[in-house]
Amino acid sequence: MAKGKGFRGGGMGMPMNQANMMKQAQKMQQEMMKMQEELEEQTYEATAGGGMVKAIVSGKKELTSLEIDPEAVDPEDVEMLQDLIIAAVNEALRTSEEAASQSMNKLTGGLGLGF
């Protein structure tokens, strides 16, 4: 083998650029795990019916709180209350998803990794 040519190892039998890529991938994975933990600790709130129904979900996409204004309770129109609850919960979940997506895009630089 001529001097200056040949295999330049980066450890573990990998070429230098592969070793660097592995380190970068591991670092990104650690950052993603940390970000995921932070997102799971957040809460997201949404209202429906002009604030008659308020839903709060966690970053784990679990409903943690539901507040219903007594004025929203009409025994003659239960369907309206059901619709307001669904709308508030779904909007809170969408807000949670958007926050997670934006955070992951910041981390991945918009690589489109399916997060």
Side-chain angles (χ1 to χ4, degrees):
M1 206 178 273
K3 209 173 198 183
K5 295 196 182 211
F7 182 77
R8 290 182 55 211
M12 296 189 296
M14 287 188 262
M16 189 67 98
N17 61 349
Q18 276 187 323
N20 259 353
M21 286 176 56
M22 289 296 291
K23 286 180 186 177
Q24 288 176 339
Q26 288 173 344
K27 181 180 177 188
M28 183 179 280
Q29 184 179 21
Q30 290 171 347
E31 290 174 4
M32 288 175 66
M33 289 173 61
K34 179 181 176 193
M35 184 175 290
Q36 185 67 37
E37 288 173 8
E38 290 172 359
L39 286 168
E40 288 178 356
E41 292 174 4
Q42 298 294 319
T43 58
Y44 305 91
E45 177 181 315
T47 61
M52 299 286 273
V53 174
K54 178 170 83 170
I56 299 175
V57 298
S58 71
K60 294 180 180 182
K61 296 169 187 55
E62 296 173 342
L63 182 64
T64 59
S65 175
L66 181 65
E67 295 177 18
I68 301 171
D69 186 318
E71 292 181 27
V73 181
D74 180 356
E76 302 295 318
D77 194 3
V78 174
E79 291 82 15
M80 181 197 65
L81 179 57
Q82 291 168 336
D83 290 344
L84 292 176
I85 292 169
I86 291 169
V89 170
N90 285 336
E91 183 58 28
L93 289 169
R94 268 191 293 279
T95 302
S96 168
E97 284 291 325
E98 287 175 17
S101 179
Q102 288 175 359
S103 293
M104 288 300 171
N105 280 339
K106 286 179 188 175
L107 181 65
T108 62
L111 294 176
L113 298 176
F115 299 108

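None of the values given here were measured: they were computed from a predicted structure.
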Identify all side-chain donor-acceptor contacts of residues 26-43 below 3.5 Å with residues at least two apart in sequence or on another chain.
{"residue": "Gln36", "atom": "NE2", "partner": "Glu40", "partner atom": "OE2", "Å": "3.4"}

Which donor-acceptor pairs under 3.5 Å do side chains of residues 71-95 form with protein atoms, sequence neighbours excluded?
{"residue": "Asp74", "atom": "OD1", "partner": "Glu76", "partner atom": "N", "Å": "2.9"}
{"residue": "Asp77", "atom": "OD1", "partner": "Met80", "partner atom": "N", "Å": "3.3"}
{"residue": "Asn90", "atom": "ND2", "partner": "Ile86", "partner atom": "O", "Å": "3.4"}
{"residue": "Glu91", "atom": "OE1", "partner": "Arg94", "partner atom": "NE", "Å": "3.2"}
{"residue": "Glu91", "atom": "OE1", "partner": "Arg94", "partner atom": "NH2", "Å": "3.2"}
{"residue": "Thr95", "atom": "OG1", "partner": "Glu91", "partner atom": "O", "Å": "2.9"}

Table please: side-chain donor-acceptor pairs of residues 47-68 below 3.5 Å, with sequence neighbours left out.
{"residue": "Ser58", "atom": "OG", "partner": "Lys60", "partner atom": "N", "Å": "3.1"}
{"residue": "Ser58", "atom": "OG", "partner": "Glu62", "partner atom": "N", "Å": "3.4"}
{"residue": "Lys61", "atom": "NZ", "partner": "Glu97", "partner atom": "OE2", "Å": "3.2"}
{"residue": "Thr64", "atom": "OG1", "partner": "Ile56", "partner atom": "O", "Å": "3.1"}

